[in-house]
Amino acid sequence: MSSTVWKLSARGRAVAKALLAALCALACVFSLTACGSDKEEGKIRIGIKFDQPGLGFKKSGTYVGFDVDVAKYIAKKLGYSEDDIIWKEAPSKQREAMLQNGDVDMILATYSITDERKKAVSFAGPYFVAGQDLMVRTGETGIKGPQDLNGKRLCSVTGSTSAVTVKERFASQVQLMEQPGYAECATALFSGIVDAVTTDDIILAGLASSARGRLQLVGKPFTQEYYGVGIKKGDKALATKINAALSEMIANGSWQRALEENTRGAHFKPDLKYNPPRPKEGE
Ligand code: GLU
């Protein structure tokens, strides 16, 4: 008798489950954001780079780098342990859309604060100031700074401020090849398809370091890139909390430690004229 009851309720459960699945599928059709976001109770979704050594790097299922350490610090202050973090890859070109669609709660991905981006998203921070620079093959003598770019082939990333700066300042002199990530640009530089890669100095330092001496930084930065924490547009309360976490991280020495640990061996020195910055954005 009891087994019949069990069988019936099991069948009932199966029907209920199927109905629920169908309803969910229907809900997905009508609400795209609900499906794309895969929001989980008690978790925080953070966008980072997966292919930038020293900043955001996926290494056999773990995530390492300065952006990752800053993100963990903020998450902890917001009440999330490391296990509560869902890391998502946020390529340069997709960052605004990911925040607008609600795919992530915040982005720490070498993401420069700009007025253009602030039309679509908000920022907290800054938590670091980098500068756009050039990277060449070791031994290259013809490129000593942006003044030597005439007739050169450059690689940068679609959706980055680095590519925009090249188009604004050097469009008439250079050929720009755009790739989805800086690792692809480094490969193009190795193989001789381009003469230089351009983006933030701290990113190039990480790539050069992982290229074991085959690539080198030119070391003449020509912009200031204020790295912000990208958040949904207008979320002032979250910006205030993030800025408090960043200020604390800077004041107690954790920021300095994270920066040193993640750039060790990369021959990179942050510009002390701008670093550490004062996190005040977005409040
Ligand atoms: N910081 C620059 C930017 O936000 C270049 C680095 C990147 O593409 O992430 O566009």
Side-chain angles (χ1 to χ4, degrees), residues 48-57 67 89-98 107 109-120 128-228 230 266-268 271:
I48 53 165
K49 294 293 177 72
F50 279 7
D51 58 355
Q52 293 181 191
L55 289 151
F57 197 71
D67 280 346
E89 185 170 25
S92 296
K93 194 183 160 216
Q94 288 167 34
R95 293 176 291 201
E96 286 83 42
M98 287 178 78
I107 290 186
T110 59
Y111 198 10
S112 298
I113 301 169
T114 70
D115 288 341
E116 189 58 33
R117 288 173 179 164
K118 278 200 265 181
K119 290 177 191 164
F128 187 73
V129 185
Q132 185 169 353
D133 205 335
L134 298 160
M135 178 170 72
V136 293
R137 286 180 292 275
T138 303
E140 162 77 59
T141 51
I143 304 176
K144 295 207 168 61
Q147 72 279 1
D148 300 324
L149 289 177
N150 210 347
K152 300 290 192 239
R153 296 160 304 174
L154 280 189
C155 185
S156 199
V157 165
T158 314
S160 69
T161 55
S162 325
V164 171
T165 301
V166 170
K167 288 177 205 165
E168 280 174 1
R169 297 205 203 162
F170 313 114
S172 59
Q173 329 163 27
V174 305
Q175 252 183 65
L176 178 66
M177 171 174 147
E178 292 188 46
Q179 290 290 311
Y182 299 101
E184 286 95 336
C185 278
T187 307
L189 182 57
F190 275 138
S191 49
I193 297 171
V194 294
D195 306 302
V197 176
T198 185
T199 187
D200 307 339
D201 45 9
I202 191 168
I203 300 174
L204 297 174
L207 288 168
S209 160
S210 61
R212 298 172 197 288
R214 289 178 292 171
L215 302 176
Q216 69 181 42
L217 236 78
V218 167
K220 293 271 157 50
F222 48 91
T223 70
Q224 276 95 46
E225 306 295 325
Y226 287 81
Y227 286 1
H267 308 292
F268 176 77
D271 191 337

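- Contact of the T199 side chain with the E225 side chain is not registered, since no non-hydrogen atoms from C-beta on lie closer than 4.5 Å.
- Side chain of D133 to backbone of G219: a donor-acceptor contact under 3.5 angstrom is found.
- In this structure, L134 and L149 have side chains that are in contact, with non-hydrogen atoms separated by less than 4.5 Å.
- Ring orientation note: the planes of F222 and F170 are nearly perpendicular, at an angle over 60° on the 30°/60° scale.
- Counting only heavy atoms from C-beta outward, the side chains of P53 and L207 approach each other to under 4.5 Å.
- Here the shortest heavy-atom pairing between I143 and A196 reads CD1-CB, 4.1 Å.
- A donor-acceptor pair under 3.5 Å links the side-chain atoms of R117 to the main chain of S112, judged by distance alone.
- Using a 4.5 Å heavy-atom cutoff, the side chains of Y182 and D200 are not in contact.
- Of all heavy-atom pairs spanning I107 and A90, the tightest one is CD1-CB, 4.2 Å.
- Within the 3.5 Å criterion, the main-chain N or O of G181 finds no donor-acceptor partner in the side chain of Q179.
- Distance check, rounded to the nearest 0.5 Å: CD of Q224 to CD1 of I113 gives 13.0 Å.
- Not a single donor-acceptor pair under 3.5 Å links the side chain of Q216 to the backbone N or O of T138.
- Here the straight-line distance linking atom OG1 of T158 with atom NZ of K93 works out to 6.5 Å at 0.5 Å rounding.
- The side-chain hydrogen bond (donor to acceptor under 3.5 Å, both in side chains) test applied to Q173 returns no partner, not counting sequence neighbours.
- What you find for A163 and L176 is that their closest heavy atoms are O-CD2, 4.0 Å.
- For the residue pair R137 and G192, the shortest heavy atom distance occurs at NH1-CA, 3.5 Å.
- Within the 4.5 Å cutoff, no side-chain heavy atoms of K49 are placed close to those of Y111.
- Using modelled atom types, one side-chain atom of R95 and one backbone atom of A109 make a donor-acceptor pair closer than 3.5 Å.
- With L204 as the fixed residue, the side-chain contact (heavy atoms from CB on, under 4.5 Å) test singles out one of L217, V136, V218, L215: L217.
- Side chains of I193 and R153 form no contact here, defined as non-hydrogen atoms less than 4.5 Å apart.
- Taking OG from S92 and CD1 from I203, the interatomic distance works out to 7.0 Å, rounded to the nearest 0.5 Å.
- T223 places a side-chain heavy atom less than 4.5 Å from the side chain of R169.
- With contacts defined as side-chain heavy-atom distances shorter than 4.5 Å, the pair K152/V194 does not qualify.
- The backbone N or O of T198 lies less than 3.5 Å from a partner atom in the side chain of S156, making a donor-acceptor pair.
- Take E178 and apply the salt bridge (Lys or Arg N to Asp or Glu O under 4.0 Å) test, not counting sequence neighbours, and it matches K167.
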